[in-house]
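Side chains are part of it too, since the values below use all heavy atoms of this structure and drop only hydrogens, waters and symmetry mates. Start at 1 and go down the list; that is how both ligands and their atoms are numbered.
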Amino acid sequence: MLLLHSWMRWLVLLLLSGAVLRAIHGRKTGRAFTPVDDLWRQVAVVVAWAQLTIGIGLYSTSPLVRAFWPDYFTTVKVRELRFFSMEHSLMMIVAVIVLTLGALKTRRQVTDAEKFRIMVKWYGWALVLIFSSVPWPFLPISPHRPLFRW
Ligand code: HEM
């Protein structure tokens, strides 16, 4: 599960970045919101939900999370345990909720310009939240995990 979760981060980030870039382009050029744009809107959400589901599975089996909860007041001071048991999980759940609300709001818009505008805003925020909550080996704010797990 850890291997799958680790690799799927790239797919989540790729699809979200693609969706945001297409929406920015659509907004700038004033073109129509095509079925391809709509596909990006939907696939990004589906893959993010799949990653969230694996994350919940990981949460219920991870030795880090198991070590965290029984002795909360001591382990909350241990960065890696706190990050995965609280910060990472909570931020990712919030990000997927933001993404889902963005997808629903985009669908409800009448004009294409509004669809692109809403998508840039909501998908953009979801991307920022997800990117900043990944345990990158180059970010000092989180524990370091490999970019590519073998
Ligand atoms: C949806 C976006 C998410 C992304 C992009 C993401 C990404 C990652 C990455 C890159 C790692 C490190 C993997 C490695 O060590 O190679 C990780 C670990 C972990 N994630 Fe997520 N995650 C997401 C959501 C979640 C959610 C929603 C939960 C729980 C509710 C969760 C729980 C965990 C746990 C517990 C670990 C550490 C497991 C361990 O080492 O024992 N993740 N995640």
Review point. Relative to the ring of His88, is the ring of Phe83 parallel (under 30°), tilted (30 to 60°) or perpendicular (over 60°)?
Key: tilted
So, does Trp136 use its side chain to make a donor-acceptor pair with the main chain of Ile141 at under 3.5 Å?
no
Check ion pair Glu114-Lys105 (N to O, under 4.0 angstrom)
no
In ligand 1, the atoms that come under 4.0 Å of a heavy atom of Ser6 are 13 (C), 14 (C), 16 (O)
Shortest non-hydrogen pair, Ala48 vs Val12, comes out as CA-CG2, 4.4 Å
- How are the rings of Tyr72 and Phe68 set relative to one another: parallel (under 30°), tilted (30 to 60°) or perpendicular (over 60°)? perpendicular
- Item | Cluster check Leu14, Val20: I/L/V/M/F/W/Y, side chain < 4.5 angstrom | no
* Asked: Is a donor on one side and an acceptor on the other found under 3.5 Å between the side chain of Thr34 and the backbone of Asp37?
  -> yes
Close approach, Val12 and ligand 1, non-hydrogen under 4.0 angstrom
no
So the atoms of ligand 1 within less than 4.0 Å of a heavy atom of Leu2 turn out to be 13 (C), 14 (C), 15 (O), 38 (C), 40 (O)
The expected count of protein N/O/S atoms at less than 2.8 Å from atom 21 (Fe) of ligand 1 is 2
**Asked** Within the side chain of Trp40, is there an N or O that forms a donor-acceptor pair under 3.5 Å with the backbone of Leu15?
**Response** no
If you scan protein heavy atoms around atom 39 (C) of ligand 1, the nearest is Ser62 OG, 3.4 Å
Closest to atom 9 (C) of ligand 1 among protein heavy atoms sits Pro135 CD, 3.8 Å
inquiry  = Applying salt bridge (Lys or Arg N to Asp or Glu O under 4.0 Å) to Asp112 and Lys115, what does each step give before you reach the verdict?
reply    = CA-CA 5 Å; Asp112 289 353; Lys115 282 182 196 278; 5.5 Å; no
For Arg149, the ligand 1 atoms with a heavy-atom partner under 4.0 Å come out as 14 (C), 15 (O), 16 (O)
So for Ser133 against ligand 1, with non-hydrogen atoms under 4.0 Å, the contacting part is neither
